[in-house]
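Take a look at the structure below.
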Number of protein chains: 2
Amino acid sequence: MSPMNTQIQPILKIGAVAKAAGVSIDTVRFYEGRGLLPSPQRSAAGYRLYDQSTIERLNFIGRAKGLGFTLNEIVLLLDLQDKGGRKAEVKSITGAKLEQIDRKIEDLQRMRSVLGKLNGDCSGSGSVAGCPIIEALVDGDLDDCCK
Amino acid sequence: MSPMNTQIQPILKIGAVAKAAGVSIDTVRFYEGRGLLPSPQRSAAGYRLYDQSTIERLNFIGRAKGLGFTLNEIVLLLDLQDKGGRKAEVKSITGAKLEQIDRKIEDLQRMRSVLGKLNGDCSGSGSVAGCPIIEALVDGDLDDCCK
DNA sequence: ATACACCCTAGGGTCTAGACTAGAGTAAAG
DNA sequence: CTTTACTCTAGTCTAGACCCTAGGGTGTAT
């Protein structure tokens, strides 16, 4: 009757939000349990009912994951957004993540350089005897080999 | 009596091999269960008995781990060494690992560049409103922002 | 009315690489 | 002989991010 009854937001069931956000139904429920999504309204039958904002929240989560944040870190970021934190808090999270990423990149580049050298040194034909890769693993001259 | 009784290899208990290789006792038993170490001889009381070669094998495993190989991949490498595989098999494992490492480095560098840009754009003071990091996560202009 | 898609909960399983615990037996040193 | 250090098995726990199953109930279209 009155405009109060008007549902401005379309009501979506879990399958619809999951599909719209490109995640599985299990993932939506899992995120709810992990505190990334608030407990949604329920229909009379107990179905979870969502609106558009949940899809946006799921997209936020997906983007944050794409930048390397863990779900626990994303909870923090969402909290700062929800409750209005300070920019400094956000920067402290991203700054720590940047350092972590830098360390991982350095690790991987070290591995890459050692392994690339060994792989290049190995003829690739014949029996494993004399294979520089295996020999390096056996003898432990990895450090001397590429630094 | 005869030279047959002579133990050329010193007999080591699990604590000694673990210490010599710089891993925990748990790790040694765990590797045995995972097939990285053969089931060792046992003393009358059931103690695991090792010789020097186990330490070398543990060092092999440690070096391979340091190059980014998983335990499953290390089982393959050890098998090639034990049973005398071909160099081509070794190279196929290391080649795949190199590609994997390259992909991971690219991923991390992409994250690093996006996140570094956002982090630099954020003043770091004041409320979270208008924070470029949060806004990018909300709006999804991550791709446009740094490529 | 019935087929079919969708939803619910509770709980277990996956992968990686171990760490840690309990409860019991064994070895070496004083 | 007693203390201390070591070892055994079996099992549980961690983090991270879910997936899958069973055994139901619901909603809608034909």
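Just so it is clear, the structure is predicted and the values come from calculations on it, not from any experiment. The figures that follow rest on heavy atoms only: side chains count, while hydrogens, waters and symmetry mates do not.
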For B:Leu12 and D:dA5, what is the distance between atoms CG and C1' respectively, to the nearest whole Å? 17 Å
How does each nucleotide of nucleotides 7-20 of chain C score, in 5' to 3' order, for protein heavy atoms under 4.0 Å: base (B), sugar-phosphate only (S), or none (-)? SSB------SBBSB
Answer yes when A:Lys104 and B:Asp107 have at least one side-chain N-carboxylate O distance shorter than 4.0 Å, and no when they do not. no
Pairs under 3.5 angstrom only: tabulate donor-acceptor contacts from the side chains of residues 29-38 of chain A to other protein residues two or more places apart or in another chain.
| unit_1 | atom_1 | unit_2 | atom_2 | d |
| --- | --- | --- | --- | --- |
| A:Glu32 | OE1 | A:Arg48 | NE | 2.8 |
| A:Arg34 | NH2 | A:Asn72 | OD1 | 2.9 |

Paired with A:Ile55, the side chain to side chain contact (heavy atoms under 4.5 Å, CB included) test is passed by just one of A:Asp51, A:Asn59, A:Leu58, namely A:Asn59
May I ask whether B:Tyr47 and B:Val17 are part of the same hydrophobic cluster, defined by side-chain heavy atoms of I, L, V, M, F, W, Y residues being less than 4.5 angstrom apart, directly or through others? no
Find the distance B:Gln41:CD to D:dC8:C1' and express it as a whole number of Å. 17 Å
Donor + acceptor pair across side chains of A:Ser24, A:Asp26 (<3.5 Å): no
